[in-house]
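Labels below follow one simple rule: chain letters A, B, ... track the order of the sequence lines, proteins then strands, and each chain is numbered from 1. All values reported here derive from a predicted model rather than from experimental measurement. Note: hydrogens, waters and symmetry copies are ignored here, and every other heavy atom, side chains too, is used.
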Amino acid sequence: MTVTALLFASYADVLGREAVEMSLPAGATAADALAWLRALPGGDALPPAPLLAVNLEYARAGTVLHSGDELAVIPPVAGG
Amino acid sequence: MTVTALLFASYADVLGREAVEMSLPAGATAADALAWLRALPGGDALPPAPLLAVNLEYARAGTVLHSGDELAVIPPVAGG
Amino acid sequence: MRAAIVHGAIDVAALLAEVASASHGATVLFIGTVRDVNDERAVTGIDYTAYVPMAEREMQRILREAAERFDTDAAVVEHRTGHLELGDASVAIAVAHARRAQAYAASRYILEALKQRVPIWKREAYADGTREWVAQQGAMTAHQD
Amino acid sequence: MRAAIVHGAIDVAALLAEVASASHGATVLFIGTVRDVNDERAVTGIDYTAYVPMAEREMQRILREAAERFDTDAAVVEHRTGHLELGDASVAIAVAHARRAQAYAASRYILEALKQRVPIWKREAYADGTREWVAQQGAMTAHQD
């Protein structure tokens, strides 16, 4: 299945992009997607347990993904 | 000595005026001035212990007045 | 730091501009406006009156107290007098500070102190045609001896 | 109740007008602006970026939470993204309420929740020419499992 990963701020900087199409096996979790991203060049600069969101909602690492989901890796926020 | 009394809001209403020139004996206090005002027609509607100010500062009833002072009788405030 | 009794509409944009500075990251503006209901009575307008020189002096003192307590150097307050219609602003307080917690706390302090002791009075006009002088709950009402 | 990420200057007068009503006597406006110093470093500007659809959704949720906690029916928040100069407003929150205590409390609640969990990021530019992504102290930083 295909899941889109979105990267922001310093995380986009370390991976050199803001979005990645990931091809993941059925039943993959947000944690699996994160491992996939951390295996990319520069990906080891992502923290082991960053904030994650699936389809615009904060999500646990164990969340099971579905084809077409949008997974966001969220750096520490700094609004205000 | 002459002291000017200022009246505001409901106190001005009950006395029918906003300022009164008072002729008081030397050594008179704010409490004496208040008694003078309460003896005027309608003056008994003033409370026995209202807020008082002398020369723009809140003052105790025992404050000794001087010629030319401005004594204000202050109804419960309602700014905001 | 400026405190004034004003007779026309309060210009809140001007108050914000007055406290603005690149050294302050947080600005809190409070605006008090005439409500259509008070104590379950339908209000149609309010006349505010003040002992102007004492009110300005007392508001200045409150700004100095806020400056001491909250390290505020940018605060301004204006209170309007005269006839106000529903929705009109009777008071506006603008505070800018490097820290948001202090900006909020100073704003609230100035508002509460103003309501408690600045010599300003209001006469509410009601839908039934009557008018009444109204006291602020919690305001000082008797001198301290 | 409206929450938006905006790309140009925030129009605070429009926000105030949006929450104004004769049933609310108290309006609190918070404005966050770019400060010239952060952590003792001289700042020359900030670039804000956001995960826009999630940020708007999360800000909407915060407004609903404030409505439940403080009985607020008039609240609006705008956060700006893009390049901001010193003194520019990055965020503005307007809350109107019948009661001043609730207006202040709701304003503060919305601000703190926004800083803690709305996906917005800032990169500060410093006088020495460097730039750095900065995290909000107290913001969520790891997922909860």
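- Within 6.0 Å of atom CZ in C/Arg99, 12 or fewer heavy atoms from other residues, nucleotides or ligands are found, so the atom counts as exposed in its surroundings.
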Practice problem: Could you please spell out the steps behind the side-chain contact (heavy atoms from CB on, under 4.5 Å) verdict for C/Glu58 and B/Leu56? | Solution: CA-CA 9 Å; C/Glu58 203 63 30; B/Leu56 309 180; over 6 Å; no

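- For the salt bridge (Lys or Arg N to Asp or Glu O under 4.0 Å) condition, the pairs that include at least one residue of residues 10-33 of chain C, sequence neighbours left out, are C/Arg2-C/Glu18.
- With a 4.5 Å cut-off on non-hydrogen atoms, C/Tyr51 touches chain B through its backbone and its side chain both.
- When C/Pro53, C/Ala92, C/Ala89, C/Ala50 are compared by the number of non-hydrogen pairs under 4.5 Å with chain B, C/Pro53 comes out ahead.
- Side-chain N or O atoms of C/His79 include one that pairs as donor or acceptor with a backbone N or O of B/Gly80 at under 3.5 Å.
- Contacts between B/Asp13 and chain C at a heavy-atom distance below 4.5 Å involve the side chain alone, from C-beta outward.
- Residue contact with chain B, scored on non-hydrogen atoms closer than 4.5 Å, is absent for C/Ala55.
- Between B/Val77 and C/Val118, the closest heavy-atom pair is CB-O, 3.3 Å.
- Using a 4.5 Å cut-off between heavy atoms, C/Arg61 touches chain B through its side chain atoms alone.
- The backbone N or O of B/Pro75 sits less than 3.5 Å from a side-chain atom of C/Trp121, completing a donor-acceptor pair.
- Under the 4.5 Å side-chain criterion, counting only non-hydrogen atoms from C-beta, C/Arg117 is not in contact with B/Leu51.
- Within the 3.5 Å criterion, the main-chain N or O of C/Trp133 finds no donor-acceptor partner in the side chain of B/Ser10.
- The number of heavy atoms from other shown groups lying within 6.0 Å of CG (C/Asp128) is above 12.
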Self-check item: Worked verdict on B/Glu57 versus C/Arg57 for side-chain contact (heavy atoms from CB on, under 4.5 Å)
Solution: CA-CA 9 Å; B/Glu57 298 284 347; C/Arg57 192 169 172 147; 2.9 Å; yes

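- Of all heavy-atom pairs between C/Lys115 and B/Gly79, the closest is CG-O, 3.3 Å.
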